[in-house]
Trainee: 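Before we start, here is the structure in question, set down as structure tokens.
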Amino acid sequence: MVDALNRADRRALLEAGQETLALEAAFLDEQRWDEWLALFATDCEYWVPTWVAEERLADNHQSQLSQIYYSSRAGLEDRIARIRTGKSPASVPLRRTTHMVSNVVLLDGAPGQQMNLRSSWTSHVFDPNSKKIYVLFGYANHTLRHSASGWLIGRKKTIVQNDYLPTMVDVYCI
Amino acid sequence: MDLNSIKNYIDDRPADGVFRVHKDVYSDPQLFELEMKYIFERTWSFLGHESQLPKPHDWIATHIGRVPVLVARDGKGRVGAFLNACRHKGARLTRTEAGNRKFHVCPYHGWAYGSDGRNVDVKDKKEGRYTAAFDDDSHDLIPIARLSAYKGLLFGSLSADVPELTDFLGELRFFIDLAMEQGEHGMEFVPGRIEYAYDANWKLQLDNGTDAYHLTSTHTSFLDVMAKRAMGEGNQEARQFDWQKRFSQEGGDFQFANGHTCIWLNQAEVLKRPIYPGIDAIRQRVGPERADWMLKMRNMSVFPNMQIADSTSLLVRTFRPLAVDRTEMRYWCMAPVGEPPAQRAWRLRQFEDFFNVSGLATPDDTVTYETCQAGFAADSLDWLQGHCRGTSAVAPGPSELAKSLGFAPVASLQGGFSVQSETSFQPVYREWARLMQAGISGSKAYG
């Protein structure tokens, strides 16, 4: 519970959380794939639920269809491997993105151990092939865990608010 | 090009071994408008699945072409389909895609309709000083001309001059059954909406669904990832197939009347199919031969704009024309009712791996449709050469295989994967030409 933490601990956690989320955005925007992957724990859960109705999100990835669901980092690694083949028409040339992450709220946490965050995000995407610009936006829940190599993403759930999607969306667009 | 000889947009000369489609078929806005009139408004269109309307007063809002349609189950359990437009000022009655309502009340002036489409209230009618002539018009929702179901799949037509649905689907029913009979208690759409739009013609998706030739060129990045998976690396939870094994498989095409078509390929790794754990019970129920066929890869197009693909999981999808160069895609993951939870999750992971606007394969297709549309801007590009591969291997009528299975296609082709035939497109464009010419000439669409 956030209320149980003292102010200094809360601030330290929130700062570390904001920095991790900002780094995640930076690595995606600069296509620094290895550093982006390294932010995720190998046993991370990565979930982008669908909407089951206009005003209701899916809440069960075992029984409802997802846009993306991985129960380990392997799924993300496969996507980066696919991009790196240079043979995916959808990924050549790569779209350019800028992610803005904001409204970061510390939901709860244990100093030096783990924290749960909620944040808002927008991603502006430019496709240098079609010259199209579009925006994807939504909010996200992250669970961060502290490790020897710093804070890692143990769980990320990304809600895409505008799920009437433009042609194709990959992990670096959201 | 002369619109009055619209059939000439398809250069179909079997005696000369020629089958070509003019690029204007995909890019001419005038042809697009004619397609709306002469195809979408004159034949059967897929509306949805009965599992989307399980209870009395359930409804879904969908389209036939660009026409908004409301499909509703009434209080007695009967399904009806209507133009989704209030009789008063034409407002669409629904603001979401699905729901349950005993009465549909228009948000504008409050006219109300029962779930059977009948008008139940004209707001403040008594005080309205209408003339007697007002009630000369029925105030009920306008039903669409025809509505029918086959194995749970709902189809509607804006024209009454269509064959019975079973005749329209014809011999393709053999393949529809192989999808719809996988569940002992029927099939259902898994919750979760996948909806996206691309900037290219709807028929590019229609073609792609039965296009074997593009796998080894469009999807090389996917195949590279699959090669890693076959070595035990990567996302094993997707239980993806070893796609290298495809290339040594036997397969073929079947062409059907009324524009339908189907391609198939043997599946080397049937153990990875989500229905496999229950295959013995399926064999008991449908027979061993049909159970084996349920494990094979089968992709079919139900003319004009629906596909059932059973490869990496079972999907139903529609590609709705919005403009000559804009199409709206909708995917559903279809699954047996009562599927055990572990198999359901397996099915979902396999589906998400390949399909979806965010999958590892489908996006490469979608982007490539836009690439085609960009090429079509070359005005002097005339006859495309992409609808004839495999033509010298097609035999009219049912092959021995089709005869043994008990269905009668219009034409059959069989061979190794490497044929990568394009003849699956030929019945589609023959029907396209027939319907377009009938419309232009002022003839009936059928008979």
Side-chain angles (χ1 to χ4, degrees), chain A residues 46-92 95 127 129-132 134 136 158 160 162-174, chain B residues 95-99 189-200 217-226 228-229 233-238 240 328-329 331-333 339 341-342 344-345 347-349 351-353 355-371 374:
Chain A
Y46 184 96
W47 185 25
V48 186
T50 54
W51 290 84
V52 297
E54 284 79 355
E55 295 173 330
R56 191 158 53 91
L57 270 173
D59 59 10
N60 186 335
H61 42 69
Q62 298 304 297
S63 63
Q64 297 165 320
L65 193 57
S66 300
Q67 297 283 0
I68 303 174
Y69 179 77
Y70 298 132
S71 61
S72 82
R73 197 174 74 188
L76 301 178
E77 292 164 0
D78 282 348
R79 284 179 178 270
I80 301 306
R82 171 168 163 266
I83 290 169
R84 284 185 156 144
T85 63
K87 299 178 198 171
S88 152
S91 317
V92 174
R95 289 150 203 247
D127 176 8
N129 176 31
S130 65
K131 318 296 186 205
K132 282 189 273 193
Y134 54 91
L136 297 164
T158 304
V160 179
N162 57 327
D163 68 330
Y164 189 77
L165 295 168
T167 305
M168 91 89 186
V169 164
D170 203 344
V171 280
Y172 64 93
C173 302
I174 53 172
Chain B
R95 297 189 63 76
T96 58
E97 196 182 275
F189 284 168
V190 176
R193 295 186 183 171
I194 303 292
E195 192 173 35
Y196 60 100
Y198 66 84
D199 291 321
S217 31
T218 308
H219 295 304
T220 45
S221 64
F222 173 78
L223 294 175
D224 283 359
V225 174
M226 294 310 114
K228 279 180 29 182
R229 296 263 187 92
E233 294 166 35
N235 180 19
Q236 294 295 315
E237 196 188 358
Q240 192 50 264
E328 182 180 278
M329 293 292 311
Y331 272 59
W332 292 276
C333 176
E339 182 171 46
R344 180 61 59 97
R347 171 186 300 277
L348 295 176
R349 300 295 89 84
F351 184 108
E352 291 154 5
D353 198 34
F355 298 123
N356 279 3
V357 64
S358 51
L360 295 178
T362 295
D364 288 322
D365 291 327
T366 320
V367 158
T368 308
Y369 309 159
E370 294 182 345
T371 307

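Owing to the predicted nature of the structure, the values given are computational and were not obtained by experimental measurement. Protein chains get the first letters and strands the later ones, always in sequence-line order, with residue 1 at the start of each.
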Trainee: Hey, does B:Arg349 have a side-chain heavy atom less than 4.5 Å from the side chain of A:His61?
Mentor: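 The answer is yes, as the side chains (C-beta and beyond) meet within the 4.5 Å cut-off.
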Trainee: Examine whether an atom of B:Ser358 lies under 4.5 Å from a heavy atom of chain A, and if so say whether it belongs to the side chain, the backbone or both; otherwise answer neither.
Mentor: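 Contact with chain A: backbone and side chain both.
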Trainee: How far does OH of A:Tyr164 sit from CZ of B:Arg193, to the nearest 0.5 angstrom?
Mentor: 13.0 Å
Trainee: Can you name the nearest heavy-atom pair linking B:Asp364 to A:Ala90, along with the distance?
Mentor: OD1-N, 2.9 Å
Trainee: Apply salt bridge (Lys or Arg N to Asp or Glu O under 4.0 Å) to the pair B:Asp224 and A:Lys87, showing each step before the final yes or no.
Mentor: CA-CA 9 Å; B:Asp224 283 359; A:Lys87 299 178 198 171; 2.8 Å; yes
Trainee: Please lay out, stage by stage, how B:Leu348 and A:Tyr69 fare under the test side chain to side chain contact (heavy atoms under 4.5 Å, CB included).
Mentor: CA-CA 9 Å; B:Leu348 295 176; A:Tyr69 179 77; over 6 Å; no
Trainee: Kindly compute the distance separating CG (B:Asp365) from OG1 (A:Thr167), expressed to the nearest 0.5 Å.
Mentor: 12.5 Å
Trainee: I'd like to verify something: which residue of A:Ser88, A:Pro166, A:Pro49 has the highest number of heavy-atom pairs under 4.5 Å with chain B?
Mentor: A:Ser88
Trainee: Taking all heavy atoms of B:Ala345 and all of A:Gln62, pick out the closest pair and write down the distance.
Mentor: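 Closest heavy-atom pair between B:Ala345 and A:Gln62: CB-OE1, 3.2 Å.
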Trainee: Let me confirm one number: the CG-OG1 distance from B:Asn356 to A:Thr50, rounded to the nearest 0.5 Å.
Mentor: 9.0 Å
Trainee: Give a yes-or-no answer on whether the side chains of A:Ser130 and B:Glu370 include a donor-acceptor pair shorter than 3.5 Å.
Mentor: no
Trainee: Do A:Arg82 and B:Val225 come within less than 4.5 Å of each other through their side chains, counting heavy atoms only?
Mentor: yes
Trainee: Using side-chain contact (heavy atoms from CB on, under 4.5 Å) as the criterion, list what pairs up with B:Ala342, not counting sequence neighbours.
Mentor: none
Trainee: Donor-acceptor pair, distance only, cut-off 3.5 Å: does the side chain of A:Glu54 make one with the backbone of B:Glu97?
Mentor: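 At least one qualifying donor-acceptor pair exists.
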Trainee: Examine whether an atom of A:Ala53 lies under 4.5 Å from a heavy atom of chain B, and if so say whether it belongs to the side chain, the backbone or both; otherwise answer neither.
Mentor: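 Both parts, backbone and side chain.
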Trainee: Using a 4.5 angstrom heavy-atom cutoff, name the option from A:Glu55, A:Glu77, A:Gln67 with the most pairs to chain B.
Mentor: A:Gln67
Trainee: Of the listed residues (A:Asp78, A:Asp170, A:Thr85), which shares the most heavy-atom pairs with chain B below a 4.5 Å separation?
Mentor: A:Asp78
Trainee: Which region of A:Ser72, side chain (C-beta onward) or backbone (N, CA, C, O), has a non-hydrogen atom less than 4.5 Å from a non-hydrogen atom of chain B, or is it both or neither?
Mentor: neither
Trainee: Measure across B:Pro191 and A:Val52 and return the closest heavy-atom pair with its distance rounded to 0.1 Å.
Mentor: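 Shortest heavy-atom contact: CB-CG1, 3.9 Å.
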Trainee: What's the separation between atom CD1 in B:Ile194 and atom CG in A:Leu65, rounded to the nearest 0.5 Å?
Mentor: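 It is 4.5 Å, given to the nearest 0.5 Å.
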Trainee: Where do B:Glu195 and A:Asp163 land on the side chain to side chain contact (heavy atoms under 4.5 Å, CB included) test, with the steps shown first?
Mentor: CA-CA 7 Å; B:Glu195 192 173 35; A:Asp163 68 330; 6.0 Å; no
